[in-house]
Amino acid sequence: MKLNKKDIIAALETISAPGEGKNMIESGAVTNVVCFGDEVVVDITINNPSLQAKKKTEVEILKTIHDKVYQKAKVKVNVKVEAPEKPQIKGKSIPGIKNIVAVASGKGGVGKSTVTANLAVSLAKMGFQVGLLDADIYGPSMPIMLDVDGQRPLAVNVEGKSKMKPVENYGVKILSIGFFTQPNQAVIWRGPMAAKALNQMIFDADWGELDFLLIDLPPGTGDIHLSIMQALPITGSVVVSTPQNIALADAKKGVAMFQQESINVPVLGIVENMAYFTPEELPDNKYYIFGKEGARNLAADLEVPFLGEIPIVQSIREAGDYGRPAALQTATPMESAFEELTRNIVREVVRRNDQLPPTEAIKITTMAGCAAVNKK
């Protein structure tokens, strides 16, 4: 069937332009439509730099042309992102750091820090230069998980300024408030004090050249998260959850936080931790203790990538407690699971950098911070 350009334009007039009240044609979002027999190419420009907005635009155009013009049409959609200039300040970029990935969870106890530690050592095993900032001020766990508990960062002179030299182990450079407190000492700080400590660990540190700086955020969606995103232009975020409904409800809020218009940090995807249990004596059996594929289904519902699943295994817990992350094991299912997760995250970072402009650090303009946002 030979497609008609007028029919394609008429179909596109039924779709609202992303973020605007007008349709795609009326708003000028569609910049070009070309037909070749049963093939059609649609060029469109959108203002929302999120991966979700780009994917949604592509799907809407494909579905509309197939439904209203020709079901077997071969449609190619070229989405260009032109983010509008915002009255925001850019965060201080850290020279030498290429990508900053925030690892978050809506709820505590889902294994976010365990996933972060294993992601860090997996990246290092792959040959990347990796740093890890433990931003969980009130419950720092990275010193124990990476077997550097009790160590202290050294002071070094960099271009006439005194800087902290991160502690290093397993090829990962680490900074944590846990290096500056006693094991039995509670950190009882209000938000501004915690934010000041984080800024010192970020900007007064000699991180050197890094391919990835991972930030292990505390659970929830609060003051520490805003402080980090005000201070740094985050490349993307990863949300960790178990398959359990009560954890998924909070994971959804974590995704919504990053997708909020005033924050707008690309969500690289969702990780399902404690996905299933397989007894060592029954390697072919899977027991879904916390529910089955809950995080995978949430990722599909929210239209964000599903990055992988990590089983609940005693050796992962033991490895974290003894300071030797499970990803360091060789020729084990644990090593394979974390390597697959790491490859997926690297792939999403590459895709994000290829398709979207650099993220800006957010600027909070009211004393209340960012408004609540509803997501499906």
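The side-chain heavy atoms of Pro243 and Glu272, taken from C-beta on, include a pair separated by under 4.5 Å. In this structure, Cys35 and Ile8 have side chains that are in contact, with non-hydrogen atoms separated by less than 4.5 Å. Val75 places a side-chain heavy atom less than 4.5 Å from the side chain of Leu62. Put simply, the side chain of Leu132 reaches to within 4.5 Å of the side chain of Met142, judged on heavy atoms. Contact annotation: the side chain of Ile270 approaches that of Val304 to within less than 4.5 Å [non-hydrogen atoms, C-beta and beyond]. Contact of the Lys161 side chain with the Asn157 side chain is not registered, since no non-hydrogen atoms from C-beta on lie closer than 4.5 Å. With contacts defined as side-chain heavy-atom distances shorter than 4.5 Å, the pair Thr342/Met126 qualifies. Between Phe179 and Ile174 there is a side-chain heavy-atom pair separated by less than 4.5 Å.
To the nearest 0.5 Å, the span separating CG on Leu210 from CG on Leu123 amounts to 11.0 Å. In this structure, the separation between OG on Ser237 and CD1 on Ile100 is 13.0 Å, given to the nearest 0.5 Å. Between Ile15 atom CD1 and Thr64 atom OG1 the span is 3.0 Å, to the nearest 0.5 Å. Going from atom NZ of Lys292 over to atom CD of Glu309 covers 10.0 Å, rounded to the nearest 0.5 Å. Leu248 CG to Leu298 CG: the interatomic distance, rounded to the nearest 0.5 Å, is 5.5 Å. Rounded to the nearest 0.5 Å, atoms CD1 (Ile215) and CG (Leu175) are 11.5 Å apart.
Residue Lys163 places its NZ atom among more than 12 non-hydrogen atoms of other residues, nucleotides or ligands, all under 6.0 Å distant. No more than 12 heavy atoms of other residues, nucleotides or ligands sit less than 6.0 Å from atom CD1 of Ile246. Counting non-hydrogen atoms of other residues, nucleotides and ligands closer than 6.0 Å to CD of Gln129 gives a total of 12 or fewer. Residue-environment remark: CD (Glu159) stays at or below the threshold of 12 foreign heavy atoms within 6.0 Å. The number of heavy atoms from other shown groups lying within 6.0 Å of OH (Tyr322) does not exceed 12.
Checked by atom type, the side-chain pair Asp147/Asn169 shows no donor-acceptor distance below 3.5 Å. In this model, a donor atom of one side chain and an acceptor atom of the other lie less than 3.5 Å apart for Ser113 and Asp216. Of the N and O atoms on the side chains of Asn99 and Asn353, at least one donor lies less than 3.5 Å from an acceptor on the other residue.
Distance alone, capped at 3.5 Å, is enough to place a donor-acceptor pair between the Lys173 side chain and the Trp207 backbone. Judged by distance alone, the side chain of His66 and the main-chain N or O of Lys72 form no donor-acceptor pair under 3.5 Å.
Met274 and Tyr276 fall into different hydrophobic clusters, where Ile, Leu, Val, Met, Phe, Trp and Tyr side chains are chained together by heavy-atom contacts under 4.5 Å. By the criterion of side-chain heavy atoms lying less than 4.5 angstrom apart, applied directly or through intervening Ile, Leu, Val, Met, Phe, Trp or Tyr residues, Phe212 is grouped together with Tyr170 in one hydrophobic cluster. No continuous path of hydrophobic side-chain contacts links Ile65 to Phe36 [ILVMFWY only; heavy atoms under 4.5 Å]. By the criterion of side-chain heavy atoms lying less than 4.5 angstrom apart, applied directly or through intervening Ile, Leu, Val, Met, Phe, Trp or Tyr residues, Phe306 is not grouped with Phe338; the two fall into different hydrophobic clusters. A continuous path of hydrophobic side-chain contacts links Met201 to Val101 [ILVMFWY only; heavy atoms under 4.5 Å].
Closest approach of Lys125 and Glu339 over heavy atoms only: NZ-OE2, 3.8 Å. Here the shortest heavy-atom pairing between Asp134 and Pro143 reads OD2-CD, 3.9 Å. In this structure, Ser105 and Val240 approach most closely via the heavy-atom pair CB-O, 3.4 Å. Here the closest non-hydrogen pair linking Ile177 and Asp136 is CG2-O, 4.3 Å. Residues Val239 and Gly254 share a closest heavy-atom pair of CG2-C, 4.4 Å.
Relative orientation of the Phe277 and Tyr287 rings is tilted, given thresholds of 30° and 60° on the angle between their planes.
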Lys63 vs Glu60, test: salt bridge (charged side-chain N to carboxylate O under 4.0 Å, His left out). Steps then yes/no.
CA-CA 5 Å; Lys63 187 175 185 302; Glu60 282 187 336; over 6 Å; no
